[in-house]
There are 2 protein chains.
Amino acid sequence: MSSPSTPARGRPPRLDRARTVQTALDLLDRSGLDALTMRRLAEAMGVQAGALYRHFATKQDLLTAMAERMMDGVTEAAAQTRGGDWTERLAALAHALRAALLARRDGARVFAGTHATGASVLGFADAVMGVLREAGFPAEDAARALYTLTNFTVGHTLEEQAALPWGDADPAGPAALADAVADGTYPHLEAGLPALTSADFTRLFEFGVGLLLEGLRARR
Amino acid sequence: MSSPSTPARGRPPRLDRARTVQTALDLLDRSGLDALTMRRLAEAMGVQAGALYRHFATKQDLLTAMAERMMDGVTEAAAQTRGGDWTERLAALAHALRAALLARRDGARVFAGTHATGASVLGFADAVMGVLREAGFPAEDAARALYTLTNFTVGHTLEEQAALPWGDADPAGPAALADAVADGTYPHLEAGLPALTSADFTRLFEFGVGLLLEGLRARR
DNA sequence: ACCTGAACACCGTTCAAGT
DNA sequence: ACCTGAACACCGTTCAAGT
(Lines give C-alpha, C1' and ligand atoms only; values in the text may rest on other atoms or scores of the structure.)
Protein backbone atom coordinates (compact mmCIF):
# COMPACT_ATOMS: atom_id res chain seq x y z
CA MET A 1 0.00 0.00 0.00
CA SER A 2 1.14 3.55 -0.64
CA SER A 3 -0.13 5.49 2.37
CA PRO A 4 0.87 9.10 3.14
CA SER A 5 3.71 7.69 5.30
CA THR A 6 5.38 6.05 2.29
CA PRO A 7 8.85 7.53 1.55
CA ALA A 8 8.26 10.51 -0.71
CA ARG A 9 8.48 9.69 -4.40
CA GLY A 10 8.44 13.23 -5.76
CA ARG A 11 9.16 16.51 -3.96
CA PRO A 12 8.38 16.47 -0.24
CA PRO A 13 5.21 18.52 0.33
CA ARG A 14 5.73 21.91 1.95
CA LEU A 15 2.24 21.80 3.43
CA ASP A 16 0.41 19.47 5.78
CA ARG A 17 -2.51 19.93 8.14
CA ALA A 18 -0.50 19.77 11.36
CA ARG A 19 2.17 22.25 10.32
CA THR A 20 -0.42 24.58 8.82
CA VAL A 21 -2.56 24.61 11.97
CA GLN A 22 0.53 25.28 14.08
CA THR A 23 1.58 28.21 11.87
CA ALA A 24 -1.97 29.56 11.92
CA LEU A 25 -2.02 29.49 15.74
CA ASP A 26 1.33 31.28 15.87
CA LEU A 27 0.02 33.90 13.47
CA LEU A 28 -3.12 34.22 15.59
CA ASP A 29 -1.01 34.95 18.67
CA ARG A 30 1.06 37.53 16.85
CA SER A 31 -1.65 39.38 14.93
CA GLY A 32 -5.10 38.40 16.20
CA LEU A 33 -8.07 36.79 14.48
CA ASP A 34 -8.96 39.76 12.25
CA ALA A 35 -5.48 39.71 10.70
CA LEU A 36 -5.48 35.95 10.16
CA THR A 37 -6.15 35.65 6.43
CA MET A 38 -5.55 32.74 4.12
CA ARG A 39 -3.15 34.90 2.13
CA ARG A 40 -1.07 35.90 5.14
CA LEU A 41 -1.01 32.31 6.38
CA ALA A 42 0.12 31.13 2.96
CA GLU A 43 2.87 33.73 2.97
CA ALA A 44 4.03 32.55 6.40
CA MET A 45 4.31 29.04 4.96
CA GLY A 46 6.10 30.12 1.79
CA VAL A 47 3.27 29.11 -0.49
CA GLN A 48 0.45 30.61 -2.56
CA ALA A 49 -2.96 31.06 -0.93
CA GLY A 50 -4.67 28.55 -3.20
CA ALA A 51 -2.38 25.77 -2.03
CA LEU A 52 -4.01 25.83 1.42
CA TYR A 53 -7.22 24.49 -0.09
CA ARG A 54 -5.55 21.14 -0.67
CA HIS A 55 -5.77 20.56 3.10
CA PHE A 56 -8.70 22.69 4.19
CA ALA A 57 -11.93 22.94 2.23
CA THR A 58 -12.67 26.41 3.62
CA LYS A 59 -11.25 28.91 6.08
CA GLN A 60 -13.94 27.77 8.49
CA ASP A 61 -12.48 24.27 8.25
CA LEU A 62 -9.07 25.64 9.20
CA LEU A 63 -10.53 27.56 12.14
CA THR A 64 -12.24 24.39 13.37
CA ALA A 65 -8.92 22.53 13.22
CA MET A 66 -7.33 25.39 15.18
CA ALA A 67 -10.08 25.21 17.82
CA GLU A 68 -9.56 21.47 18.17
CA ARG A 69 -5.82 21.88 18.53
CA MET A 70 -6.37 24.53 21.21
CA MET A 71 -8.32 21.98 23.22
CA ASP A 72 -5.53 19.38 23.21
CA GLY A 73 -4.68 18.61 26.78
CA VAL A 74 -7.63 20.32 28.52
CA THR A 75 -8.82 17.15 30.16
CA GLU A 76 -5.32 16.12 31.19
CA ALA A 77 -4.71 19.55 32.67
CA ALA A 78 -7.73 19.06 34.93
CA ALA A 79 -7.02 15.41 35.78
CA GLN A 80 -4.60 16.36 38.54
CA THR A 81 -7.63 16.99 40.73
CA ARG A 82 -8.44 13.28 40.91
CA GLY A 83 -8.40 13.37 44.67
CA GLY A 84 -10.95 16.13 45.12
CA ASP A 85 -14.69 15.81 45.44
CA TRP A 86 -16.98 16.31 42.46
CA THR A 87 -17.31 20.09 42.84
CA GLU A 88 -13.54 20.51 42.92
CA ARG A 89 -13.16 18.33 39.86
CA LEU A 90 -15.81 20.30 37.95
CA ALA A 91 -14.16 23.56 38.95
CA ALA A 92 -10.81 22.23 37.73
CA LEU A 93 -12.33 21.27 34.38
CA ALA A 94 -13.93 24.69 33.96
CA HIS A 95 -10.65 26.41 34.81
CA ALA A 96 -8.81 24.18 32.36
CA LEU A 97 -11.24 25.15 29.60
CA ARG A 98 -10.82 28.85 30.33
CA ALA A 99 -7.04 28.43 30.45
CA ALA A 100 -7.03 26.71 27.06
CA LEU A 101 -9.01 29.57 25.54
CA LEU A 102 -6.88 32.23 27.21
CA ALA A 103 -3.69 30.56 26.02
CA ARG A 104 -4.22 31.94 22.52
CA ARG A 105 -5.05 35.48 21.45
CA ASP A 106 -8.75 35.58 20.53
CA GLY A 107 -8.97 31.93 21.59
CA ALA A 108 -12.55 32.25 22.83
CA ARG A 109 -13.63 33.93 19.59
CA VAL A 110 -12.08 31.12 17.55
CA PHE A 111 -13.72 28.47 19.72
CA ALA A 112 -17.13 30.16 19.80
CA GLY A 113 -17.08 30.59 16.03
CA THR A 114 -16.57 26.91 15.27
CA HIS A 115 -18.23 23.58 16.05
CA ALA A 116 -15.18 21.61 17.07
CA THR A 117 -16.01 17.99 17.84
CA GLY A 118 -12.53 16.50 17.89
CA ALA A 119 -11.26 13.98 20.40
CA SER A 120 -10.15 16.66 22.86
CA VAL A 121 -13.52 18.38 22.88
CA LEU A 122 -15.40 15.11 23.25
CA GLY A 123 -12.93 13.95 25.90
CA PHE A 124 -13.55 17.12 27.87
CA ALA A 125 -17.32 16.74 27.61
CA ASP A 126 -17.06 13.09 28.60
CA ALA A 127 -14.97 13.97 31.65
CA VAL A 128 -17.52 16.55 32.82
CA MET A 129 -20.38 14.12 32.26
CA GLY A 130 -18.45 11.42 34.15
CA VAL A 131 -17.96 13.59 37.22
CA LEU A 132 -21.61 14.61 37.22
CA ARG A 133 -22.97 11.09 36.84
CA GLU A 134 -20.62 9.78 39.51
CA ALA A 135 -21.97 12.50 41.75
CA GLY A 136 -25.41 11.03 41.24
CA PHE A 137 -26.98 13.37 38.67
CA PRO A 138 -29.35 11.81 36.14
CA ALA A 139 -28.21 12.02 32.51
CA GLU A 140 -30.57 14.88 31.66
CA ASP A 141 -29.34 17.15 34.43
CA ALA A 142 -25.74 16.16 33.76
CA ALA A 143 -26.10 17.16 30.10
CA ARG A 144 -27.68 20.48 31.02
CA ALA A 145 -24.99 21.17 33.60
CA LEU A 146 -22.30 20.43 31.01
CA TYR A 147 -23.76 22.96 28.60
CA THR A 148 -24.28 25.54 31.33
CA LEU A 149 -20.69 25.26 32.53
CA THR A 150 -19.33 25.37 28.97
CA ASN A 151 -21.52 28.23 27.78
CA PHE A 152 -20.71 30.31 30.85
CA THR A 153 -17.00 29.67 30.45
CA VAL A 154 -17.01 30.61 26.77
CA GLY A 155 -19.19 33.68 27.40
CA HIS A 156 -16.93 34.83 30.24
CA THR A 157 -13.69 34.31 28.33
CA LEU A 158 -15.08 36.04 25.25
CA GLU A 159 -15.68 39.10 27.43
CA GLU A 160 -12.35 38.74 29.16
CA GLN A 161 -10.36 38.67 25.92
CA ALA A 162 -12.41 41.48 24.45
CA ALA A 163 -11.80 43.62 27.53
CA LEU A 164 -8.05 43.08 27.75
CA PRO A 165 -7.12 45.57 24.97
CA TRP A 166 -8.75 48.36 27.01
CA GLY A 167 -6.86 51.42 28.04
CA ASP A 168 -6.35 52.53 24.46
CA ALA A 169 -8.88 54.81 22.89
CA ASP A 170 -11.48 52.06 23.17
CA PRO A 171 -14.74 53.86 23.94
CA ALA A 172 -16.03 50.98 26.06
CA GLY A 173 -13.41 50.94 28.79
CA PRO A 174 -13.84 51.76 32.46
CA ALA A 175 -13.40 55.48 31.87
CA ALA A 176 -16.28 55.56 29.40
CA LEU A 177 -18.49 53.68 31.83
CA ALA A 178 -17.66 56.15 34.59
CA ASP A 179 -18.56 59.05 32.27
CA ALA A 180 -21.84 57.53 31.17
CA VAL A 181 -22.87 56.85 34.74
CA ALA A 182 -21.78 60.16 36.22
CA ASP A 183 -25.06 62.02 35.69
CA GLY A 184 -27.00 60.05 38.29
CA THR A 185 -29.32 58.26 35.87
CA TYR A 186 -28.06 54.85 37.00
CA PRO A 187 -27.82 54.94 40.80
CA HIS A 188 -27.15 51.23 41.26
CA LEU A 189 -24.38 51.20 38.66
CA GLU A 190 -22.86 54.23 40.31
CA ALA A 191 -22.82 52.48 43.68
CA GLY A 192 -21.10 49.47 42.17
CA LEU A 193 -18.69 51.31 39.89
CA PRO A 194 -15.42 50.20 41.51
CA ALA A 195 -16.54 46.57 41.45
CA LEU A 196 -17.92 46.90 37.92
CA THR A 197 -14.69 48.26 36.49
CA SER A 198 -12.38 45.98 38.42
CA ALA A 199 -10.52 43.84 35.93
CA ASP A 200 -9.95 40.83 38.16
CA PHE A 201 -11.34 38.33 35.71
CA THR A 202 -10.01 35.31 37.56
CA ARG A 203 -12.01 36.17 40.67
CA LEU A 204 -15.03 36.96 38.53
CA PHE A 205 -14.77 33.59 36.83
CA GLU A 206 -14.38 31.82 40.17
CA PHE A 207 -17.47 33.62 41.43
CA GLY A 208 -19.54 32.42 38.48
CA VAL A 209 -18.28 28.84 38.67
CA GLY A 210 -18.94 28.94 42.41
CA LEU A 211 -22.56 29.97 41.85
CA LEU A 212 -23.11 27.17 39.36
CA LEU A 213 -21.55 24.57 41.65
CA GLU A 214 -23.57 25.71 44.67
CA GLY A 215 -26.67 25.53 42.52
CA LEU A 216 -25.78 21.98 41.50
CA ARG A 217 -25.10 20.99 45.09
CA ALA A 218 -28.49 22.30 46.15
CA ARG A 219 -30.16 20.33 43.37
CA ARG A 220 -28.55 16.96 44.11
CA MET B 1 -30.30 78.41 15.61
CA SER B 2 -29.99 75.97 12.73
CA SER B 3 -30.13 72.55 14.38
CA PRO B 4 -30.64 69.29 12.44
CA SER B 5 -34.40 69.72 13.04
CA THR B 6 -34.54 72.97 11.07
CA PRO B 7 -36.70 72.69 7.93
CA ALA B 8 -34.40 71.43 5.17
CA ARG B 9 -32.75 74.16 3.13
CA GLY B 10 -31.31 71.95 0.38
CA ARG B 11 -32.27 68.42 -0.58
CA PRO B 12 -33.61 66.30 2.28
CA PRO B 13 -30.94 63.75 3.30
CA ARG B 14 -31.64 60.16 2.25
CA LEU B 15 -29.55 58.87 5.13
CA ASP B 16 -29.71 59.21 8.88
CA ARG B 17 -28.51 57.05 11.76
CA ALA B 18 -31.93 55.79 12.84
CA ARG B 19 -33.14 54.77 9.38
CA THR B 20 -29.78 53.21 8.56
CA VAL B 21 -29.71 51.12 11.74
CA GLN B 22 -33.27 49.97 11.06
CA THR B 23 -32.43 48.93 7.51
CA ALA B 24 -29.30 47.17 8.74
CA LEU B 25 -31.33 45.17 11.26
CA ASP B 26 -33.84 44.19 8.59
CA LEU B 27 -31.00 43.10 6.32
CA LEU B 28 -29.50 41.15 9.22
CA ASP B 29 -32.77 39.25 9.69
CA ARG B 30 -33.05 38.46 6.01
CA SER B 31 -29.45 37.50 5.23
CA GLY B 32 -27.46 37.01 8.43
CA LEU B 33 -24.37 38.74 9.78
CA ASP B 34 -21.92 37.34 7.22
CA ALA B 35 -23.96 38.83 4.38
CA LEU B 36 -24.32 42.22 6.04
CA THR B 37 -21.83 44.36 4.14
CA MET B 38 -21.59 48.11 3.89
CA ARG B 39 -22.13 47.84 0.14
CA ARG B 40 -25.28 45.75 0.43
CA LEU B 41 -26.63 48.03 3.15
CA ALA B 42 -25.92 51.05 0.96
CA GLU B 43 -27.75 49.39 -1.94
CA ALA B 44 -30.75 48.72 0.32
CA MET B 45 -30.81 52.45 1.11
CA GLY B 46 -30.39 53.57 -2.49
CA VAL B 47 -27.01 55.14 -1.90
CA GLN B 48 -23.32 54.53 -2.54
CA ALA B 49 -21.31 52.67 0.12
CA GLY B 50 -19.12 55.64 0.93
CA ALA B 51 -22.12 57.71 1.96
CA LEU B 52 -22.63 55.52 5.03
CA TYR B 53 -19.41 56.88 6.48
CA ARG B 54 -21.05 60.25 7.01
CA HIS B 55 -23.01 58.66 9.89
CA PHE B 56 -20.80 55.79 11.04
CA ALA B 57 -17.04 56.09 11.35
CA THR B 58 -16.57 52.34 10.80
CA LYS B 59 -18.61 49.20 10.28
CA GLN B 60 -17.89 48.37 13.93
CA ASP B 61 -19.58 51.63 14.85
CA LEU B 62 -22.68 50.60 12.89
CA LEU B 63 -22.72 47.18 14.56
CA THR B 64 -22.52 48.84 17.98
CA ALA B 65 -25.50 51.04 17.10
CA MET B 66 -27.37 47.91 15.97
CA ALA B 67 -26.57 46.15 19.26
CA GLU B 68 -27.83 49.14 21.22
CA ARG B 69 -31.04 49.26 19.20
CA MET B 70 -31.57 45.54 19.82
CA MET B 71 -31.50 46.22 23.55
CA ASP B 72 -34.23 48.85 23.44
CA GLY B 73 -36.99 47.73 25.71
CA VAL B 74 -35.22 44.87 27.50
CA THR B 75 -35.68 46.39 30.92
CA GLU B 76 -39.28 47.30 30.24
CA ALA B 77 -39.98 43.76 29.04
CA ALA B 78 -38.80 42.44 32.39
CA ALA B 79 -40.48 45.11 34.51
CA GLN B 80 -43.81 43.28 34.51
CA THR B 81 -42.38 41.03 37.22
CA ARG B 82 -42.42 43.84 39.75
CA GLY B 83 -44.47 41.80 42.16
CA GLY B 84 -42.14 38.81 42.35
CA ASP B 85 -39.28 38.24 44.73
CA TRP B 86 -35.70 39.05 43.75
CA THR B 87 -34.98 35.66 42.16
CA GLU B 88 -38.04 35.93 39.93
CA ARG B 89 -37.10 39.44 38.92
CA LEU B 90 -33.55 38.39 38.03
CA ALA B 91 -34.88 35.44 36.05
CA ALA B 92 -37.21 37.78 34.17
CA LEU B 93 -34.32 40.12 33.32
CA ALA B 94 -32.18 37.22 32.08
CA HIS B 95 -35.04 35.93 29.95
CA ALA B 96 -35.63 39.41 28.56
CA LEU B 97 -31.97 39.67 27.56
CA ARG B 98 -32.05 36.29 25.82
CA ALA B 99 -35.30 37.24 24.08
CA ALA B 100 -33.80 40.48 22.80
CA LEU B 101 -30.84 38.58 21.34
CA LEU B 102 -33.03 35.86 19.85
CA ALA B 103 -35.32 38.44 18.26
CA ARG B 104 -32.73 39.10 15.52
CA ARG B 105 -30.85 36.63 13.38
CA ASP B 106 -27.28 36.37 14.72
CA GLY B 107 -28.33 38.77 17.49
CA ALA B 108 -25.99 37.22 20.06
CA ARG B 109 -23.05 37.40 17.64
CA VAL B 110 -23.72 41.07 16.98
CA PHE B 111 -24.00 41.80 20.70
CA ALA B 112 -20.94 39.75 21.68
CA GLY B 113 -18.88 41.44 18.97
CA THR B 114 -19.54 44.98 20.19
CA HIS B 115 -19.17 47.01 23.37
CA ALA B 116 -22.58 48.61 23.46
CA THR B 117 -22.95 51.06 26.34
CA GLY B 118 -26.09 52.87 25.30
CA ALA B 119 -28.96 53.83 27.59
CA SER B 120 -30.71 50.49 27.15
CA VAL B 121 -27.64 48.46 28.06
CA LEU B 122 -26.88 50.64 31.07
CA GLY B 123 -30.54 50.60 32.08
CA PHE B 124 -30.54 46.82 31.99
CA ALA B 125 -27.36 46.61 34.06
CA ASP B 126 -28.75 49.14 36.53
CA ALA B 127 -31.95 47.14 36.90
CA VAL B 128 -30.04 43.93 37.65
CA MET B 129 -27.81 45.74 40.13
CA GLY B 130 -30.88 47.29 41.77
CA VAL B 131 -32.55 43.94 42.34
CA LEU B 132 -29.36 42.46 43.75
CA ARG B 133 -28.64 45.32 46.13
CA GLU B 134 -32.26 45.39 47.30
CA ALA B 135 -31.87 41.69 48.01
CA GLY B 136 -29.01 42.57 50.32
CA PHE B 137 -25.93 41.75 48.24
CA PRO B 138 -22.89 43.97 48.70
CA ALA B 139 -21.85 45.97 45.64
CA GLU B 140 -18.95 43.64 44.81
CA ASP B 141 -21.05 40.50 44.72
CA ALA B 142 -23.83 42.32 42.88
CA ALA B 143 -21.38 43.40 40.19
CA ARG B 144 -20.00 39.88 39.83
CA ALA B 145 -23.48 38.40 39.71
CA LEU B 146 -24.43 40.87 36.96
CA TYR B 147 -21.48 39.82 34.83
CA THR B 148 -22.07 36.13 35.49
CA LEU B 149 -25.72 36.34 34.50
CA THR B 150 -24.91 38.40 31.39
CA ASN B 151 -21.96 36.29 30.26
CA PHE B 152 -23.91 33.07 30.70
CA THR B 153 -26.88 34.47 28.79
CA VAL B 154 -24.72 35.66 25.90
CA GLY B 155 -22.74 32.41 25.84
CA HIS B 156 -25.91 30.35 25.85
CA THR B 157 -27.65 32.35 23.14
CA LEU B 158 -24.54 32.34 20.97
CA GLU B 159 -24.66 28.55 21.07
CA GLU B 160 -28.41 28.50 20.58
CA GLN B 161 -28.34 30.64 17.46
CA ALA B 162 -25.35 28.76 16.08
CA ALA B 163 -27.13 25.45 16.60
CA LEU B 164 -30.44 26.41 15.01
CA PRO B 165 -29.28 26.03 11.37
CA TRP B 166 -28.51 22.35 12.10
CA GLY B 167 -30.09 19.57 10.11
CA ASP B 168 -28.37 20.66 6.92
CA ALA B 169 -25.03 19.16 6.04
CA ASP B 170 -23.52 20.83 9.09
CA PRO B 171 -20.93 18.36 10.38
CA ALA B 172 -21.50 19.38 13.99
CA GLY B 173 -25.15 18.44 14.37
CA PRO B 174 -26.66 15.72 16.54
CA ALA B 175 -26.06 13.05 13.92
CA ALA B 176 -22.34 13.78 13.81
CA LEU B 177 -22.17 13.65 17.60
CA ALA B 178 -23.90 10.28 17.61
CA ASP B 179 -21.41 8.96 15.04
CA ALA B 180 -18.38 10.24 16.91
CA VAL B 181 -19.58 8.72 20.16
CA ALA B 182 -20.69 5.39 18.74
CA ASP B 183 -17.38 3.53 19.18
CA GLY B 184 -17.52 3.42 22.96
CA THR B 185 -14.64 5.81 23.61
CA TYR B 186 -16.88 8.24 25.48
CA PRO B 187 -19.10 6.17 27.78
CA HIS B 188 -20.55 9.11 29.70
CA LEU B 189 -21.45 11.01 26.54
CA GLU B 190 -23.05 7.86 25.16
CA ALA B 191 -25.19 7.52 28.28
CA GLY B 192 -26.32 11.13 27.97
CA LEU B 193 -26.77 11.25 24.21
CA PRO B 194 -30.54 11.86 24.10
CA ALA B 195 -30.22 14.68 26.61
CA LEU B 196 -27.12 16.07 24.89
CA THR B 197 -28.76 16.29 21.49
CA SER B 198 -32.10 17.54 22.72
CA ALA B 199 -32.66 20.97 21.26
CA ASP B 200 -34.87 22.35 24.02
CA PHE B 201 -32.86 25.50 24.52
CA THR B 202 -35.47 27.21 26.63
CA ARG B 203 -35.35 24.47 29.26
CA LEU B 204 -31.57 24.45 29.06
CA PHE B 205 -31.46 28.20 29.63
CA GLU B 206 -33.90 27.93 32.53
CA PHE B 207 -31.71 25.23 34.06
CA GLY B 208 -28.62 27.44 33.88
CA VAL B 209 -30.39 30.51 35.25
CA GLY B 210 -31.84 28.30 37.99
CA LEU B 211 -28.38 27.13 39.02
CA LEU B 212 -27.09 30.68 39.21
CA LEU B 213 -30.05 31.87 41.27
CA GLU B 214 -29.81 28.95 43.68
CA GLY B 215 -26.12 29.70 44.04
CA LEU B 216 -26.93 33.34 44.81
CA ARG B 217 -29.60 32.34 47.32
CA ALA B 218 -27.14 30.09 49.11
CA ARG B 219 -24.61 32.90 49.27
CA ARG B 220 -26.90 35.57 50.69
C1' DA C 1 1.00 14.76 -6.41
C1' DC C 2 1.66 19.30 -5.22
C1' DC C 3 1.91 23.92 -6.11
C1' DT C 4 1.80 28.33 -9.13
C1' DG C 5 -0.42 32.12 -11.48
C1' DA C 6 -4.05 34.33 -12.45
C1' DA C 7 -8.45 35.23 -12.24
C1' DC C 8 -13.44 36.00 -10.18
C1' DA C 9 -16.39 38.24 -7.30
C1' DC C 10 -16.22 40.49 -3.75
C1' DC C 11 -14.71 43.46 0.81
C1' DG C 12 -14.02 48.21 4.15
C1' DT C 13 -12.57 52.71 3.66
C1' DT C 14 -11.10 57.24 1.67
C1' DC C 15 -11.68 61.36 -0.82
C1' DA C 16 -11.75 64.68 -4.70
C1' DA C 17 -15.40 66.25 -7.28
C1' DG C 18 -20.11 67.31 -8.26
C1' DT C 19 -24.84 69.37 -7.06
C1' DA D 1 -24.45 69.74 3.24
C1' DC D 2 -24.85 65.51 1.21
C1' DC D 3 -23.76 62.22 -2.01
C1' DT D 4 -21.25 60.18 -6.28
C1' DG D 5 -17.52 57.95 -8.65
C1' DA D 6 -13.61 56.02 -8.52
C1' DA D 7 -9.93 54.36 -6.50
C1' DC D 8 -6.80 51.72 -2.88
C1' DA D 9 -5.54 47.81 -0.64
C1' DC D 10 -7.18 44.09 0.38
C1' DC D 11 -10.37 39.44 0.90
C1' DG D 12 -11.91 33.84 0.17
C1' DT D 13 -12.04 30.65 -3.34
C1' DT D 14 -11.38 28.26 -7.88
C1' DC D 15 -8.84 26.08 -11.41
C1' DA D 16 -6.12 25.44 -15.63
C1' DA D 17 -1.43 24.91 -16.22
C1' DG D 18 3.15 23.75 -14.89
C1' DT D 19 6.76 20.58 -12.68
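Order of the sequence lines fixes the chain letters, A, B, ..., with proteins taken first and strands second; residue numbering starts at 1 for each chain. Please read all numbers here as calculations on a predicted model, not as lab measurements.
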Inset, instruction - Map Arg39(B) and Ala51(A) onto DNA chain D by nearest heavy atom, then report which one ends up closer to the 5' terminus. - result: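 Nearest nucleotide further toward 5': that of Arg39(B).
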Legend entry - Ser198(B)-Asp200(B) side chain donor-acceptor pair, cut-off 3.5 Å: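 Per modelled atom types, Ser198(B) and Asp200(B) side chains form no pair under 3.5 Å.
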Legend entry - Pairwise C1' distance, dA9(D) and dC10(C) [rounded to whole Å]: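 Taking atom C1' in both dC10(C) and dA9(D), they lie 13 Å apart.
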Can you tell me how far [atom2] of [N] sits from [atom1] of [X], to the nearest Å?
X: Gln48(B); N: dA17(C); atom1: CD; atom2: C1'; value: 14 Å
X: Leu41(A); N: dG12(D); atom1: CG; atom2: P; value: 10 Å
X: Lys59(A); N: dC11(D); atom1: NZ; atom2: P; value: 9 Å
X: Leu62(A); N: dC11(D); atom1: CG; atom2: P; value: 15 Å
X: Tyr53(B); N: dC2(D); atom1: OH; atom2: C1'; value: 17 Å
X: Arg40(A); N: dC10(D); atom1: CZ; atom2: P; value: 8 Å

Legend entry - Glu43(B) atom CD: more than 12 heavy-atom contacts under 6.0 Å: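 Atom CD in Glu43(B) is not crowded, with 12 or fewer foreign heavy atoms closer than 6.0 Å.
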Inset, instruction - Select base, sugar-phosphate, or nothing to describe what Arg14(A) touches, counting heavy atoms under 4.0 Å on all strands. - result: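 Arg14(A): backbone/sugar contact only, no base atoms under 4.0 Å.
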Legend entry - Derivation of the ring pair (Phe, Tyr, Trp, His ring centres under 6.0 Å) call for Phe205(B) and His95(B): CA-CA 9 Å; Phe205(B) 182 68; His95(B) 274 90; 5.0 Å; yes
Please tell me which of the listed nucleotides, [options], lies nearest to the side chain of [X]?
X: Met38(B); options: dT4(C), dT13(D), dG12(C); answer: dG12(C)
X: His55(B); options: dC11(D), dC3(C), dC3(D); answer: dC3(D)
X: Ala49(B); options: dC3(C), dT13(D), dT13(C); answer: dT13(C)
X: Val47(A); options: dC2(D), dG12(D), dC3(C); answer: dC3(C)

Inset, instruction - Stems involving DNA chain D: give each as a range paired with a range, ordered by first number, where a stem means at least three consecutive Watson-Crick or G-U wobble pairs under 3.5 Å. - result: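 In DNA chain D, stems of three or more pairs: C:4-8 with D:12-16, C:12-16 with D:4-8.
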